[in-house]
Enquirer: 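Dropping the structure in here first, questions after.
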Amino acid sequence: MPHDLPKAYEPGEIEKRWADYWIKEKLFSVPTPPEGETRPVFTLLLPPPNVTGRLHMGHMLNQTQMDIIVRWHRMRGFITLWLPGTDHAGIATQMMVEKQLEREGKKRREMGREKFIERVWEWKREYGGAILDQMKRLGASVDWDREYFTMDDNLSHAVREVFVRLYEQGLIYRGSYIVNWCPWHETAISDLEVKHEDVPGKLWEIRYPVVGTENPHFSQNRGEMGHPPSQECITVATTRPETMLGDTAIAVNAKDERYTHLHGKKVLLPLMNREIPIITDELAQPEFGTGAVKVTPAHDPNDFAAGKRHNLPEINVMDPRGRMNENAGRFAGLDRYEARKRVLHDLQEQGFLVAEKDYALSIGKCERCGTVIEPRLSEQWFIKIKPLADRAREAVESGEITIAPDNYRQIYINWMNNIHDWCISRQLYWGHQIPAWTCAGCSEVMVAREAPTKCTKCGGAQLEQVPDVLDTWFSSGLLPFTTLGWPEKTLDQAVFYPTTLLITAYEILFFWVARMIMFGCHFMQGHEQDAAIKKASGYAGKKDDSVPFRHVYIHALVRDAERQKMSKTKGNVIDPLEIIERFGTDATRFTLAAMAAPGTDIAFNENRTDGYRAFANKIWNAARFMFMNVGRLEPGLRPGTAEGGCLHIGVDGFQAATLEDRWILSRFNRVTADVNDALATYRFHEAANRIYDFFWGEFCDWYLELIKPRLMAEDSSARAACGNLVALFDAALRLLHPVMPFITEEIWQAMQEGKAAVKSIALTSYPQADEKQLDLAAETDMAILQDLIVSIRNLRAELKVEPKVKVPIELFAHEREVRTMIEQNRGALERLANVEKMTFVESSLAKLAGARGTARFDVHVVYERKVDVAAECERLKKELEKIEKGIASGERQLGNEQFLAKAPANVVENLRKQRQELGVLKEKTEEKLKELGCR
RNA sequence: GGGCGGUUAGCUCAGCUGGUUAGAGCGCCUGCCUUACAAGCAGGAGGUCGCAGGUUCGAGUCCUGCACUGCCCACCA
């Protein structure tokens, strides 16, 4: 194995090389398993990034977590499928191409649908792969052979099938309703795509004269805004005065006595000079404002509902671009805001404007372009959501799907309970066109799998497909089964569906996760009951399940170092590729993993990444140290096979010959148990930190230092140490691999010298803890030895012993076994504490200057340099204070009968032991204080 | 208007079901190029765990209130 690594750790070159290798060798491709396959299956669907996307930190966190989990499962023997793909992202992509066209002076509508779509495909072919290329740099171990695009033929076919089935089941309907309309995109968008923003605004009060009345206060009204009319008026308030042009009623509450006398009368709509009725409806609440409200059914959802109740006309006064249309009289053609100004001006001039008040309002904006949403009446397609949502809620309530962290479970359930019908049609070109055709003759609308040739109603042959396309989330909601071949019945579905896990950001819990659950539960009901598939797949015992996945893990948001949400407008976006360029993918991945405590957002701080690059460098140099020694002592030595993931004593070349061997083996098993445990519950930070502490703080700081003397001996014990080193290093690399795939691959491959049984460390076994390899005695002894070494280093520092000078020490051990243990590890002690001569004495040394006492031993550094008495006194006093505090609290508890009665035995036992040790320490410390003459 | 989270060392954060004297990294101070690593090694300083109550033998951890802060959801003119 004398494989020399370059002296400097340079992640860039290494990472690029292995990322290419993994793809070229198709290491993570998962063919449909053969008949009779019995290994457990792990399936994960990559949340498809938009084709227009550029990799950001959120993606990277998401992918790091997924890749960790995926690699971990693969190494534990699961058939592990991670399915990648991209989303056609209707609005986003169309916008991108439209902007491109704009620069050429072209417009989408002028170009026409077909040409435009062809243009989008061109764009997609050219730029659409960017985000997946960026993913490759992250090391994501996805199956590239199965890469999909949501507009692929097979997926589009599935989308049509789903649409038709839902329509046939009465779960899709079409109609004119108020939708969120984006005047910039000129399309409807769903509730979820509207972002609300609180802004200071105005509330205008307008009065509508009641037909056939006199204003009793006519004369007194002079002096108000404008010239008041001579009739009695009803005053209403609005934040969108331009919509008054489409008013078709005034509503008052039936219980509101102020207006009883006006029931059944009409008002004259100002500016439009249209008579509209006064209706009684609960829409008007007596407590609010004047208690009267204008009703504009075509521009407000509440008014729309009231309009339906009273059979009011619906007058749409705006066109798709947010300009007033022909229904707006002389305001036609004006932009809605210009119209607002003019309307207000005219109202005031004519005496109808009563007041203008400051008012805090929440306005909805299009999440993509920021244009203020116009609630607007239009014909759209909807999914009747309740039946789907009920089942989707149940799937989570029943535990068929788990959602972690737990609080998101309730959020999900609440949302499902308050859900509204989903508007799925978009007035875009780019997307899955709705499989519905309109007859030019009789206007009949037909939904069908293939284009019909003649009208089912009138027989006419002039049919045109409905121009609308489907909401992007409609198709992505189907991915868990459509990517596995649905609507055909496939072996892939039987094997890989339900997928195992979904890891995603909170942001798309409703957009995507909820929709997948609804669609999955609906369409995959009973899929596993297909006997033929079941038999062929060999998965007969698989739990029946229609859900798209069994577990959902919601990860945190990545913020900037100041905890601000990253956004382009703020200009605080951290580019992961730039971070990777500077610190390496491994260090960046490690940062994200180490900071990903469930439930809390991550403030990305590159200082941390810098620290983890240092960690990678540490590993690198430890490897160089290993190679140096192995090359010298045991060339040709390679790690064992590590079948089953354990560190096999003997088989894998590890021999627990010495204290440090027993200790490191025990510690390795502990860290292994902890890491496996942490990953099982998505505690990525814990997994990462445990490995970090083990590798650096135990393996490098202590184990490597401890075996150096053995390695230098050049005899059989040196070769044994070599064997241990290789076995441990190999195991540690496997443990770390899911988090830092590149550096572990590089070193592992070097260790294998091209003779490995498998093509990558990714295909080896993950370490599993073995309880039999835990060694409490070794851990206790090692702790004492470490304590002793640190104590001596401490004393040396206090005595200001020159770093290079070896000092003699005197030791007193309270117990014979401790003395024996120390004697047996004399070499280690002398080396690590820079000791030259060790002498045991028979009585306490604690009170001597240059000495330190613990409950187990006293150690005295023999050195003539005068102790700094004042500093020593200071330190001792502080320590004594601490000890006394400890004793006091221990005493308090141990003297408390309730405590003795109620606390668990081990707690009491530990406290007693601790109390006793503190007693010894206190005595020693006091004695020493006295000896030094401290006051 | 509802709901959820955060507040622990100078900074960034751990601390899972309450149990020894609350941890890490970075930064800071002191000393070292000790033959894997100065991207390193050794040692050190630094915290009344937001505030006030309560439950408990025992609270950073559970409960209540308050303060500050962030996020999500909501068709009130």
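Residue numbering restarts at 1 for every chain, and letters A, B, ... go by the order of the sequence lines.
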Enquirer: Tell me the interatomic distance from K804(A), atom NZ, to rC41(B), atom P, rounded to whole angstroms.
Expert: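 One finds 19 Å between P of rC41(B) and NZ of K804(A), rounded.
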Enquirer: Between rG44(B) and rC49(B), how far is it from one P atom to the other, in whole Å?
Expert: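 These two P atoms come out 24 Å apart once rounded.
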Enquirer: Closer than 4.0 angstrom, basic N to acidic O: yes or no for E917(A) and K922(A)?
Expert: no
Enquirer: Y612(A) near the nucleic acid: base, sugar-phosphate alone, or nothing, with a heavy-atom cut-off under 4.0 Å?
Expert: nothing
Enquirer: Of all the nucleotides listed (rA42(B), rC73(B), rC76(B)), which has the minimum atom distance to the side chain of N302(A)?
Expert: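 The listed nucleotide nearest to N302(A)'s side chain is rC76(B).
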Enquirer: Answer yes or no on whether K618(A) is positioned over the face of Y612(A), meaning its NZ or CZ is under 6.0 Å from the six-membered ring centre and within 45° of the axis.
Expert: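 Here K618(A) fails the 6.0 Å and 45° test against Y612(A).
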Enquirer: With sugar-phosphate meaning primed atoms plus P, OP1 and OP2, does Y682(A) contact a base, only sugar-phosphate, or nothing at under 4.0 Å between heavy atoms?
Expert: nothing
Enquirer: Under 4.0 Å, heavy atoms only, any strand: does R608(A) hit a base, just the sugar-phosphate, or nothing?
Expert: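 Result for R608(A) = base.
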Enquirer: Could you tell me the separation between the CZ atom of R912(A) and the C1' atom of rC57(B), rounded to a whole number of Å?
Expert: 14 Å
Enquirer: When rounded to the nearest Å, what value does the distance between C1' atoms of rA45(B) and rC26(B) take?
Expert: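 The answer is 16 Å between these two C1' atoms.
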Enquirer: Once you round it to whole Å, what is the distance between C1' of rU12(B) and CG of N607(A)?
Expert: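 Checked: the CG to C1' distance equals 8 Å.
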Enquirer: Take atom P in rC51(B) and the same atom in rC57(B), then report the distance between them in whole Å.
Expert: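 Their P atoms lie roughly 25 Å apart.
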Enquirer: Remember a base hit wins even if backbone is also touched, and classify W204(A) as base, sugar-phosphate or nothing at under 4.0 Å, heavy atoms.
Expert: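 Answer is nothing: W204(A) stays at 4.0 Å or more from every strand.
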Enquirer: How close or far is atom P of rC72(B) from atom CG of D198(A), stated in whole angstroms?
Expert: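 Atom CG in D198(A) sits about 12 Å away from atom P in rC72(B).
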